[in-house]
**Q** 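Here it is: the structure, laid out below.
Quick caveat: nothing in here was measured; it's all calculated off a predicted structure. Lettering follows sequence order; numbering is per chain, from 1. Because only heavy atoms are used, hydrogens play no part in the values below, and waters and symmetry mates are left out as well, while side chains stay in.
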2 protein chains.
Amino acid sequence: MSHVPPATVEEILAALRLSGGRITTTRRATVETLLANTDRHISADDIVAAVRARYAEVAESTIYRTLSTLEELGVITHMHLDHGPATFHLADRRHRHLVCRGCGAIIEAPADLFAGLVSELEGRYGFTLDEEHFALTGLCVACRG
Amino acid sequence: MSHVPPATVEEILAALRLSGGRITTTRRATVETLLANTDRHISADDIVAAVRARYAEVAESTIYRTLSTLEELGVITHMHLDHGPATFHLADRRHRHLVCRGCGAIIEAPADLFAGLVSELEGRYGFTLDEEHFALTGLCVACRG
DNA sequence: ATAATTGCAAAGTCTTTGCAGTTTG
DNA sequence: CAAACTGCAAAGACTTTGCAATTAT
């Protein structure tokens with residue numbers, strides 16, 4: 001809560017550099033793609049496509065490796081919306097995801113909705129909830145019939 | 001809440017039969033394996049192994065097909081504890097799962113811990129939470145350092 | 001120079017599918 | 001007998017890995 005992770009392309013690349021990493025065109029493009037899509041839920045494959053379209057050829061494996069490097073750096077996180085590919089986003093996103101298993105709709109819920117559960121788990125089990133790693137699945141109004 | 005799904009081998013097989021399905025040795029063995037492991041979190045592969053060890057040869061695909069048939073019947077559900085294979089269990093299990101991403105420990109939490117969240121989501125978004133489909137990941141006391 | 005990154009192709013894990021042969025009711 | 005189930009082998013989706021060639025610093 002006290003530390004805000006880097007949020008601009010340059011800040012992220014600087015953090016990468018600081019950790020001993022190198023800045024390449026592909027890595028910059030990857031970071032730009034992530035920042036340009038903070039409002040979407042993008043998969044590794046989406047990023048591959050975006051980088052290929054606007055910058056240069058990339059191997060999938062390079063993207064996967066860059067993504068895990070950024071994840072180790074603490075800059076991004078991945079999340080599982082449901083079955084299917086993981087999605088990646090900046091680590092500072094502050095909302096939780098509800099995914100409808102009927103139509104696939106994604107509802108974003110404010111983090112404070114989970115505050116009670118988080119402290120309950122903390123208190124009773126000493127369990128620190130990783131609220132983002134899996135979305136919550138269920139059925140939306142339209143799909144529950 | 002008013003309907004309790006079948007909980008014995010015979011009840012489950014009867015339900016299967018009623019829906020037009022057929023009862024085979026492998027299917028019976030699969031159901032028995034599921035019932036013999038209500039306290040564990042077993043994957044399709046675990047079931048394949050159990051059936052092969054105690055009953056007969058089975059193809060993986062047969063187990064997967066049987067599991068989805070049972071799932072469509074509403075008798076079982078699958079759940080994702082974390083990355084890795086899905087786990088299967090009877091649909092009537094009434095607890096939620098907390099999985100430590102450090103050591104893999106699984107903590108079972110009573111369903112009522114989620115009651116507040118469930119009604120909140122229902123009220124605010126009309127979203128019916130499928131509490132079981134994904135476990136909640138995080139860090140246990142020992143691993144959070 | 002040299003350690004980090006990349007591409008490519010191959011492998012890995014989990015799951016699904018097609019199809020011909022077998023079995024259940 | 002007809003519909004349902006099975007095995008086998010192949011494919012599919014997503015992700016990881018090995019290794020030699022390239023590139024950033």
**Q** Please tell me which of the listed nucleotides, C:dC14, C:dG25, C:dG7, lies nearest to the side chain of B:I23?
**A** C:dG25

**Q** Is A:S43 side chain donor-acceptor paired with the D:dC14 base, going by distance under 3.5 Å alone?
**A** no

**Q** For A:D82 and D:dA13, give me the distance from atom CG to atom P, rounded to whole Å.
**A** 17 Å

**Q** What is the distance, to the nearest angstrom, from the CG atom on A:L16 to the C1' atom on C:dT5?
**A** 11 Å

**Q** Using the side-chain heavy atoms of B:E60, tell me which of these nucleotides is nearest: D:dT23, D:dT6, C:dT15.
**A** C:dT15

**Q** I want to verify a distance call: between C:dG18, C:dC14, C:dG25, whose nearest atom is closest to the B:R17 side chain?
**A** C:dG25

**Q** Hey, which sits more toward the 5' end of DNA chain C by its nearest nucleotide, B:D45 or B:G21?
**A** B:D45

**Q** Need to verify one output field. Residue with the more 5' nearest nucleotide on DNA chain C, B:T24 or A:E57?
**A** A:E57

**Q** Return the value, rounded to whole Å, for the distance between atom CZ of A:R22 and atom C1' of D:dA24.
**A** 5 Å

**Q** Between atom CG in A:L70 and atom P in C:dA4, what is the gap in whole Å?
**A** 16 Å

**Q** When the distance from CD1 of B:I47 to C1' of C:dT15 is rounded to whole Å, what number comes out?
**A** 14 Å

**Q** Under 4.0 Å between a side-chain N or O of A:Y64 and OP1 or OP2 of D:dT16?
**A** no

**Q** Tell me whether the side-chain N or O atoms of B:S61 pair up with the base of D:dC8 as donor and acceptor below 3.5 Å, since no angle test is needed here.
**A** yes

**Q** When the distance from CZ of A:R28 to C1' of D:dT23 is rounded to whole Å, what number comes out?
**A** 16 Å

**Q** Remember a base hit wins even if backbone is also touched, and classify A:S68 as base, sugar-phosphate or nothing at under 4.0 Å, heavy atoms.
**A** nothing

**Q** Can you tell me which residue among A:I76, A:L70, A:L73 is in a side-chain contact (heavy atoms from CB on, under 4.5 Å) with A:I12?
**A** A:L70

**Q** May I ask you to check whether A:H41 and A:H89 place their ring centres under 6.0 Å from each other?
**A** no

**Q** Before giving the answer on side-chain hydrogen bond (donor to acceptor under 3.5 Å, both in side chains), spell out for B:Y125 and B:E120 the whole-Å C-alpha distance, their side-chain angles and the decisive distance to 0.1 Å.
**A** CA-CA 8 Å; B:Y125 304 99; B:E120 195 88 33; over 6 Å; no

**Q** Do the ring centers of A:H83 and B:H133 come within less than 6.0 Å of each other?
**A** yes

**Q** By the 4.0 Å heavy-atom rule, please label A:R27 as base, sugar-phosphate, or nothing.
**A** sugar-phosphate

**Q** Determine, step by step, whether A:R96 and A:E108 satisfy the salt bridge (Lys or Arg N to Asp or Glu O under 4.0 Å) criterion, reporting the C-alpha distance in whole Å, the side-chain angles of both residues, the deciding distance to 0.1 Å, and the verdict.
**A** CA-CA 6 Å; A:R96 310 299 165 241; A:E108 310 208 324; over 6 Å; no

**Q** Using side-chain heavy atoms (C-beta onward) and a distance below 4.5 Å, is B:R27 in contact with B:T69?
**A** yes

**Q** Could you give the CD1-to-P distance, from A:I63 to C:dG7, as a whole number of Å?
**A** 8 Å

**Q** Select one nucleotide: of D:dT6, C:dT2, D:dA4, the one nearest the side-chain heavy atoms of B:T62.
**A** D:dT6

**Q** Quickly work out the A:Y55 OH to C:dT5 P distance and round it to whole Å.
**A** 20 Å

**Q** Nearest of D:dC8, D:dT17, C:dA3 to any side-chain atom of A:R65?
**A** D:dT17

**Q** Between C:dC14, C:dT24, D:dG7, which nucleotide gets closest to the side-chain atoms of B:P85?
**A** C:dC14

**Q** I want to check one thing: is the phosphate of D:dC5, taken as OP1 and OP2, less than 4.0 Å away from some side-chain N or O of B:T26?
**A** no

**Q** Hey, is the side chain of A:R52 pairing donor to acceptor with the base of C:dG7 inside 3.5 Å?
**A** no

